[in-house]
Amino acid sequence: MYQDSSEQAAKYLREAVPLMVKHKIPPTPYNYAIWYSYVTNRNPELKTAIDDTIENHGTCPSSATEELFRSHIIGDQIADSEAVQQGLKAVISELRAQVDAALVGAEDFHQLLEASSTSLELSPERLDLGALIGTLSQGTQNVSDTTWMFKRRMAEAQQEVEQLKQELKLSQQEAERDPLSGLYNRRYFERQVKQLLSQEVMENYCLIIVDIDHFKKFNDNYGHLIGDRVIQSVAQMLQKFVADTEMAVRFGGEEFLLLVREQNLSIVLERAENVRKQTQGIVLKDRRAGKDISRITASFGVSQYRAGDTLGGWIERADKALYRAKRQGRNQVVADTDAQ
């Protein structure tokens, strides 16, 4: 992962935006990430894939955008996950070898005992008792050494497996979470909801779209660090709002989604109203100016799941409710009119 300076990042962005305009690329976070990477020339495969797509379609359609992002932008995260899996396979393979060695040692000792038992059945004058005791002693020591090595390797392997489990968990979290807000990201949300839709278990769910009102003014008036803190503060509040069977998502920019497990629309509207009031209570400190920032509000669009809904159609109805809330003055909760 490259870390560009502010000046370099601005330069790349100035190069990327005209290209996006030229090819009629919508200004979405996915597209910004893809075209930013394109102009850096750091990923030849991505550049070739984009050029081929533009040549074939004249633009870069949304169906290709997600595939390009998944294949070329988050490839490192996928590679990290695969590396952890390979590590687990290596540990298991070595343990199998240790088990085989221990079994061989046990089998050798078993054969030694069989031979010793046969020797004891010989007549006394033919029995070399000293040699027999020495052989048994050495065989016992060999089995003891093998067993001790196996125990030590088992303990080491257990530590390695625990470490690999932690790395795998972290890798999965990075692939599922938005780094700024800590909430689930859009890609994870869409994957989970599509799975729920396929299982036909969505009848008890409602969708809430939350949009921070006049978010641009926080960046313009206080700087992007304050803007980031606004997003983080709202995200923390939203995370407390959802239960274990529900989901809080950063959908993009200053927009969030809440997947709420509740069939009664009036209860969902009441819960959304409580969140709206809590949003108004967020107070941030602008240390540079030495004053509080307290005028943080959000608009809410609520849509109840209906049988036969696609994810896109469901989100679109919630989005229409959100825009009604904005047109009516913002800082309010509005339900999808088709659901009322």
Side-chain angles (χ1 to χ4, degrees), residues 1-18 20-21 26-37 39-40 73 174 177-186 189 208-242 247-258 272-301 318-319 321-334:
M1 184 71 69
Y2 291 92
Q3 294 293 336
D4 295 315
S5 65
S6 298
E7 293 79 9
Q8 188 65 55
K11 174 181 177 294
Y12 286 141
L13 196 58
R14 286 194 297 270
E15 294 176 7
V17 170
M20 294 173 66
V21 173
T28 65
Y30 278 12
N31 286 331
Y32 275 127
I34 290 170
W35 284 89
Y36 182 100
S37 181
V39 298
T40 65
I73 303 299
E174 289 176 347
R177 298 278 180 174
D178 169 65
L180 177 61
S181 67
L183 301 181
Y184 287 113
N185 59 34
R186 179 173 180 169
F189 163 78
I208 304 174
I209 296 185
V210 184
D211 188 271
I212 301 174
D213 293 331
H214 303 296
F215 177 73
K216 186 175 182 294
K217 73 177 184 181
F218 294 106
N219 288 331
D220 293 342
N221 296 340
Y222 304 103
H224 288 278
L225 290 180
I226 292 294
D228 287 349
R229 286 177 58 196
V230 171
I231 288 176
Q232 290 169 339
S233 299
V234 173
Q236 290 171 6
M237 185 267 297
L238 294 177
Q239 185 62 65
K240 295 176 181 177
F241 168 81
V242 295
M247 189 183 302
V249 181
R250 186 182 180 196
F251 202 59
E254 67 273 22
E255 196 169 72
F256 304 87
L257 287 183
L258 298 173
E273 178 63 18
N274 289 335
V275 176
R276 186 194 66 79
K277 293 177 180 178
Q278 290 182 40
T279 303
Q280 289 186 136
I282 296 175
V283 177
L284 298 177
K285 186 76 172 180
D286 182 6
R287 295 183 177 86
R288 295 182 306 175
K291 61 181 180 180
D292 292 339
I293 301 170
S294 58
R295 186 57 180 170
I296 301 173
T297 65
S299 302
F300 295 72
D319 205 40
L322 171 66
Y323 277 98
R324 282 182 55 216
K326 290 182 177 182
R327 288 196 302 269
Q328 293 171 188
R330 303 177 188 267
N331 190 25
Q332 56 186 281
V333 178
V334 172

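Just so you know, residue 1 is the first one in the sequence shown, and it goes up from there.
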Output side-chain donor-acceptor pairs under 3.5 Å for residues 231-242, partner residues at least two apart or in another chain, one line each.
residue, atom, partner, partner atom, Å
Q232, NE2, L180, O, 3.4
S233, OG, R229, O, 2.8

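- Inter-residue side-chain proximity for E254 and D211 is flagged as met; some heavy-atom pair is nearer than 4.5 Å.
- Closest of all the heavy-atom pairs between A325 and S299 is CB-CB, 4.1 Å.
- Taking each heavy atom of R250 and S181 in turn, the nearest pair found is CB-OG, 3.6 Å.
- Among residues two or more places apart in sequence or in another chain, the side-chain hydrogen bond (donor to acceptor under 3.5 Å, both in side chains) test is passed with D319 by none.
- In this structure Q278 satisfies the side-chain hydrogen bond (donor to acceptor under 3.5 Å, both in side chains) test with no other residue, sequence neighbours excluded.
- Among all heavy-atom pairs drawn from V210 and L258, the shortest one is CG2-CD1, 4.2 Å.
- Using a distance-only test at 3.5 Å, with no hydrogens or angles considered, a donor-acceptor pair links the side chain of T40 to the main chain of S37.
- Annotation: the span from I296 atom CD1 to I212 atom CD1 amounts to 7.5 Å, rounded to 0.5 Å.
- For D220, the side-chain hydrogen bond (donor to acceptor under 3.5 Å, both in side chains) partners at least two apart in sequence or on another chain are K216.
- N331 and R276 share a donor-acceptor pair across their side chains, judged by distance under 3.5 Å alone.
- A pairwise comparison of heavy atoms in E273 and V333 identifies OE1-CG2, 3.7 Å as the closest pair.
- Side chains of I209 and F256 form no contact here, defined as non-hydrogen atoms less than 4.5 Å apart.
- With sequence neighbours excluded, the residues forming a salt bridge (Lys or Arg N to Asp or Glu O under 4.0 Å) with K285 are D292, listed by chain and number.
- Every residue was checked against the salt bridge (Lys or Arg N to Asp or Glu O under 4.0 Å) condition with D213, not counting sequence neighbours, and none meets it.
- Within the 4.5 Å cutoff, no side-chain heavy atoms of R330 are placed close to those of T297.
- Between V275 and F300 the shortest side-chain heavy-atom distance falls below 4.5 Å.
- Remark: E255 engages no residue in a side-chain hydrogen bond (donor to acceptor under 3.5 Å, both in side chains) (not counting sequence neighbours).
- Looking at residues two or more places apart in sequence or on another chain, you find no salt bridge (Lys or Arg N to Asp or Glu O under 4.0 Å) involving K217.
- Evaluation of the side chain to side chain contact (heavy atoms under 4.5 Å, CB included) rule for Q328 yields R324, Q332, V334 as partners, not counting sequence neighbours.
- Residues satisfying the ring pair (Phe, Tyr, Trp, His ring centres under 6.0 Å) criterion with F215, sequence neighbours excluded, are absent altogether.
- Between R295 and F218, the shortest heavy-atom distance links the atoms O-CZ, 3.5 Å.
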